[in-house]
Structures are given as structure tokens and as C-alpha cells.
Amino acid sequence: MSEPDLFQYLDISTQVNVSNDQMRKYLTSKGILSGHEEAFINAAESYGVNAIYLAVHASLETGNGTSPLGTGIIVDGVKVYNMYGIGALDGRAVETGSKMAKRMGWTSPEKAIDGGAKWIANHYIKAKQNTLYKMRWNPEKPGTHQYATAANWALAQTKSLKRECDLFPDVTLPLDIPVYKK
């Protein structure tokens with residue numbers, strides 16, 4: 001149990017005290033995400049999701065705000081955005097992720113930030129899957145409702161997650177480490 005592996009236990013349901021200035025500084029070099037600090041903070045407050053997690057997740061999923069899903073895809077004549085890669089399936093990520101964004105009405109970066117946070121809260125946090133570890137393995141109901149198919153998904157995210165979270169040095173990030181009984 002050491003860094004960066006501990007970051008698979010980052011509690012994404014706990015509010016953190018992050019200011020607009022701290023979030024703005026983080027998002028400055030993040031392409032389309034830049035300037036949307038209020039959208040991340042407001043979405044976090046509205047849906048009970050960690051604001052830093054939302055910004056970091058969006059940054060990682062959109063290639064620092066430069067991916068096609070992040071910058072917008074035209075689907076049936078409507079430009080849509082998907083900041084968290086929701087519904088983006090391996091091998092067909094742009095196609096399936098943009099169809100999900102269209103279905104959800106994510107027609108602006110702000111709607112995608114807010115709507116994606118709501119989706120994460122409804123599908124994972126309310127299901128008590130409030131860490132990457134729990135999203136991948138779902139210890140309460142193993143083998144069901146898993147966020148990813150790759151066995152190493154939660155661990156694979158930890159180096160990037162730690163690196164990005166380190167850009168918020170004044171914020172204490174809560175962990176939720178499961179304890180198993182024999």
C-alpha cells in the first residue's frame with residue numbers, strides 16, 4: 001500500500017475544498033476544459049462528487065481537453081461532447097461515446113461536465129462504488145456493475161491520477177480503503 005497505488009482508493013464521493021482559482025490554474029493548459037472551473041465545482045456540489053476527481057477524470061479521458069469527444073463530435077447534425085468517456089466502448093470509443101452524449105443531451109462542454117457528473121453519481125456513487133477500486137471490482141456484488149473490463153484498470157489509472165492530483169497541493173484528498181475479514 002503505497003503511492004501511487006493508493007489512488008485507486010481515492011474517495012470520489014467526498015467533497016473537497018477547492019477554490020475557483022485552484023481549479024482555474026489546473027485547467028489552464030487543458031484545451032477545451034480551460035475556463036470551465038465553475039462547471040466542475042458546481043457539478044461536484046450538485047451531485048456529491050469530488051471536484052478534483054471530476055477535473056482529473058475529464059482531463060485524462062479527453063487527452064487534456066483535445067480529444068474528439070472532448071472538443072465535440074457532430075451526431076445527426078448536432079455537436080455533442082463527452083468529457084468522461086461515458087459509454088465510449090473499446091475499439092469504437094468515438095462512435096459510441098458520441099451517441100451516448102447525443103442521447104444524454106450533452107450539447108455543450110458545460111452540459112457534458114454537469115451531465116457526466118450526474119451520471120457518475122447516479123450509476124456509481126449511489127451504488128456505493130465511490131473509488132476506482134470499487135468501480136472496477138464492485139466488492140459488494142463481485143462480477144456485476146463493473147466500470148471497466150480490463151483487470152488492471154483501477155491500478156492503471158493511479159500514476160496519472162496521482163500526478164494530476166499532486167497539482168492540488170493544498171487539498172487533502174480522502175481515501176476509502178476496504179477492509180476484508182477472514
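For this chain, numbers begin at 1 and follow the sequence in order.
In this structure, T71 has no side-chain hydrogen bond (donor to acceptor under 3.5 Å, both in side chains) partners at least two apart in sequence or on a different chain. With sequence neighbours excluded, the residues forming a side-chain contact (heavy atoms from CB on, under 4.5 Å) with L167 are Y26, E164, listed by chain and number. Here Q146 pairs with R136 under the side-chain hydrogen bond (donor to acceptor under 3.5 Å, both in side chains) rule; sequence neighbours left out. For S19, the side-chain contact (heavy atoms from CB on, under 4.5 Å) partners at least two apart in sequence or on another chain are D21, Q22. Shown here are the side-chain hydrogen bond (donor to acceptor under 3.5 Å, both in side chains) partners of R163, two or more places apart in sequence or in another chain: there are none. Here T144 pairs with N138, K141 under the side-chain contact (heavy atoms from CB on, under 4.5 Å) rule; sequence neighbours left out.
Residues in residues 85-94 take part in these salt bridge (charged side-chain N to carboxylate O under 4.0 Å, His left out) pairs, two or more places apart or across chains: R92-E95. Sorted by first and then second residue, the side chain to side chain donor-acceptor pair (under 3.5 Å) pairs with a member in residues 116-125 read W119-H123, N122-K126; sequence neighbours excluded. Residue pairs meeting the side chain to side chain donor-acceptor pair (under 3.5 Å) criterion with at least one partner in residues 38-48, sequence neighbours excluded, are Y47-D114. Identified under the salt bridge (charged side-chain N to carboxylate O under 4.0 Å, His left out) test for residues 47-61, with sequence neighbours left out: none.
Considering every non-hydrogen atom in both A117 and V49, the closest pair reads O-CG2, 3.9 Å. In terms of heavy atoms, W106 sits closest to G115 at NE1-CA, 3.3 Å. Closest approach of G105 and K111 over heavy atoms only: O-CD, 3.6 Å. Contact record, C165 with I52: SG-CG2, 4.0 Å, taken as the closest heavy-atom pair. Heavy-atom minimum distance, H36 versus P109: NE2-CB, 3.7 Å. In terms of heavy-atom proximity, S13 sits nearest to D11 at OG-OD1, 2.6 Å.
Of the inter-residue distances, the one linking S67 atom OG with L60 atom CG reads 11.5 Å to the nearest 0.5 angstrom. Atom CZ of F168 and atom CE of M23 lie 4.5 Å apart (nearest 0.5 Å). The structure places CG of D5 at 5.0 Å from CG of L155, a figure rounded to the nearest 0.5 Å. In this structure, CD1 in I73 is found 14.0 Å from NZ in K102, a value given to the nearest 0.5 Å. To the nearest 0.5 Å, atoms CD1 (I125) and OG1 (T14) are separated by 9.0 Å.
Between L132 and L10 there is no side-chain heavy-atom pair separated by less than 4.5 Å. Residues I120 and L54 have side chains in contact (heavy-atom distance under 4.5 Å, counting atoms from C-beta outward). Side chains of L161 and V56 form a contact here, defined as non-hydrogen atoms less than 4.5 Å apart.
Remark: side-chain polar atoms of S59 are not paired, donor with acceptor, to backbone N or O of A55 under 3.5 angstrom. At distances below 3.5 Å, not a single donor-acceptor pair connects side-chain atoms of T158 with backbone N or O atoms of A154.
Follow the hydrophobic side-chain contacts under 4.5 Å out from V179 and you never reach Y9; the two are in separate clusters.
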Do any side-chain atoms of residues 170-178 form donor-acceptor pairs under 3.5 angstrom with protein atoms, and if so which ones, sequence neighbours left out?
residue: D176; atom: OD2; partner: N130; partner atom: ND2; Å: 3.0
residue: D176; atom: OD2; partner: K134; partner atom: NZ; Å: 2.8

For residues 75-87, which side-chain N or O atoms pair as donor and acceptor with protein atoms under 3.5 Å away, sequence neighbours left out?
residue: N82; atom: OD1; partner: Y84; partner atom: N; Å: 3.4
residue: N82; atom: OD1; partner: G85; partner atom: N; Å: 3.0
residue: N82; atom: OD1; partner: I86; partner atom: N; Å: 3.1
residue: N82; atom: ND2; partner: I86; partner atom: O; Å: 2.7
residue: N82; atom: ND2; partner: G97; partner atom: O; Å: 3.0
residue: Y84; atom: OH; partner: I113; partner atom: O; Å: 3.1

Stepwise side chain to side chain contact (heavy atoms under 4.5 Å, CB included) check, Q8 with Q157
CA-CA 7 Å; Q8 69 183 309; Q157 307 301 315; over 6 Å; no
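Ring-plane geometry between Y147 and H57 is classed as perpendicular, the angle between the planes exceeding 60 degrees on a 0 to 90 degree scale with a lower cut at 30.
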